[in-house]
Amino acid sequence: MITPETHGAFTGAISPLMLQSMGILWSLAGHSERRIIFKETDEYINKQCRLLISLGMNVVLCVGETEAEFEQNLVSAVCEVQLKKGLAGIAPKDMDKVVIAYEPVWAIGTGKVATPEIAQEVHAMCRGILAEMYGKEIADKTRILYGGSVTPESVDGLMAKPDIDGSLVGGASLDASKFSRIINFVPKPELVAV
């Protein structure tokens, strides 16, 4: 996570220029912990996205609902607002520098995982919003990842869904055997959606 500034007194913040100087070309924006703990707004997140892209870098824009929002059937509304505000002002030609990560906040670090069917439904909805904003071709090319307690046990079902293009792995990345199983995922023919 970066500050949406390149220069100035922002103690404790990371400038995208610092990342560039180390050869890092990707950053997250909008991760739920940053939204909740650090009160980063959609406008602030949009500034991060636009700055990264303007510097030739890439961004993973995270979107997702809290458990209360999920229980109130607000998933679509929350993700739509976060997508539209997060991508505001980003030109179609720059969408190849953007990856979306759907991370249901209620599943992060809790051990709960959205079922493959729930995740697919939200991913398809996000792709539909991208199609409204940028057209079907760009929406189809945009990678949408699932992040929310991805495990070796859940990866097969999640990756079998047509709109889930990968995973944003958290806690499982701290265990080499778990992470290895996830990153070396091979689709099982009987799970692949047609």
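None of the values given here were measured: they were computed from a predicted structure.
- Annotation: side chain of His7 is not in contact with side chain of Ser15 (no heavy-atom distance under 4.5 Å).
- Between the side chain of Glu103 and the main chain of Ser32, a donor-acceptor pair closer than 3.5 Å is present.
- Hydrophobic clustering, with ILVMFWY side chains joined whenever heavy atoms are under 4.5 angstrom apart, groups Ile2 together with Met57.
- Atom SG of residue Cys49 and atom CG of residue Asn58 lie 11.5 Å apart, to the nearest 0.5 angstrom.
- Here the shortest heavy-atom pairing between Ile45 and Glu40 reads CD1-O, 3.9 Å.
- Taking hydrophobic clusters as Ile, Leu, Val, Met, Phe, Trp and Tyr residues chained together by side-chain heavy-atom distances below 4.5 Å, Ile144 shares a cluster with Ile183.
- Among all heavy-atom pairs drawn from Thr3 and Pro16, the shortest one is O-CD, 3.5 Å.
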* **Test log, rule side chain to side chain contact (heavy atoms under 4.5 Å, CB included), inputs Tyr146 and Ile118** => CA-CA 11 Å; Tyr146 173 79; Ile118 290 171; over 6 Å; no

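- Rounding to the nearest 0.5 Å gives a distance of 8.0 Å between CD1 of Ile90 and CE of Met133.
- When Leu158, Asp163, Ile100 are each tested for a side chain to side chain contact (heavy atoms under 4.5 Å, CB included) with His123, only one passes: Asp163.
- Counting only heavy atoms from C-beta outward, the side chains of Val75 and Glu121 never approach each other to under 4.5 Å.
- A heavy-atom distance below 4.5 Å is not found between the side chains of Val78 and Thr66.
- The backbone N or O of Val169 sits nowhere less than 3.5 Å from a side-chain atom of Ser167 that would complete a donor-acceptor pair.
- Here the closest non-hydrogen pair linking Tyr134 and Leu87 is OH-O, 3.3 Å.
- Here the straight-line distance linking atom NZ of Lys161 with atom OG1 of Thr115 works out to 8.0 Å at 0.5 Å rounding.
- Classification of Asp175 and Arg181 as a salt-bridged pair fails, no side-chain N sitting under 4.0 Å from a carboxylate O.
- Residues Val59 and Lys97 are not in side-chain contact: their nearest non-hydrogen atoms beyond the backbone lie 4.5 Å or more apart.
- In the hydrophobic clustering of ILVMFWY residues, with side-chain heavy atoms under 4.5 Å counting as a link, Ile108 and Val150 come out apart.
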* Pair Val105-Glu33, side chain to side chain contact (heavy atoms under 4.5 Å, CB included): steps then yes or no -> CA-CA 9 Å; Val105 179; Glu33 292 164 0; over 6 Å; no

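- Of all heavy-atom pairs spanning Leu145 and Asp165, the tightest one is CD2-C, 4.2 Å.
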* To do: Could you walk me through whether Met125 and Cys79 pass the side chain to side chain contact (heavy atoms under 4.5 Å, CB included) test, one step at a time?
  => CA-CA 9 Å; Met125 180 269 307; Cys79 290; 3.6 Å; yes

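- Neither Ile129 nor Val81 shares a network with the other; the hydrophobic side chains, linked directly or stepwise wherever heavy atoms of I, L, V, M, F, W or Y lie under 4.5 Å apart, form separate groups for each.
- Separating the CH2 atom in Trp26 from the CG atom in Leu52 is a distance of 10.5 Å, to the nearest 0.5 Å.
- Under the 4.5 Å side-chain criterion, counting only non-hydrogen atoms from C-beta, Val60 is not in contact with Ser27.
- The minimum heavy-atom distance linking Ser149 with Ser154 is given by the pair O-OG, 4.0 Å.
- At distances below 3.5 Å, at least one donor-acceptor pair connects side-chain atoms of Ser54 with backbone N or O atoms of Leu51.
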* Asked: Leu74 and Glu65: side chain to side chain contact (heavy atoms under 4.5 Å, CB included), yes or no, with the steps?
  -> CA-CA 8 Å; Leu74 296 173; Glu65 77 287 352; over 6 Å; no

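- One N or O on the side chain of Arg127 and one on the backbone of Ala139 form a donor-acceptor pair closer than 3.5 Å.
- Distance alone, capped at 3.5 Å, is enough to place a donor-acceptor pair between the Gln82 side chain and the Gly64 backbone.
- Ring pair Trp106/Phe70 is tilted by interplanar angle, where 30° to 60° counts as tilted.
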* Lys141 vs Glu137, salt bridge (Lys or Arg N to Asp or Glu O under 4.0 Å): CA-CA, chis, key distance, verdict -> CA-CA 6 Å; Lys141 286 182 182 177; Glu137 183 178 348; 3.2 Å; yes

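- Between atom CD1 of residue Ile14 and atom CE of residue Met22 there is a gap of 7.0 Å, rounded to the nearest 0.5 Å.
- Between Met95 and Ile138, the shortest heavy-atom contact is CB-CG2, 3.7 Å.
- Separation of atoms NZ (Lys85) and CG (Asn46) is listed at 10.5 Å; rounding is to 0.5 Å.
- Distance alone, capped at 3.5 Å, places no donor-acceptor pair between the Arg35 side chain and the Val63 backbone.
- Hydrophobic clustering of Ile, Leu, Val, Met, Phe, Trp and Tyr side chains at less than 4.5 Å, counting indirect connections, unites Leu55 with Val98.
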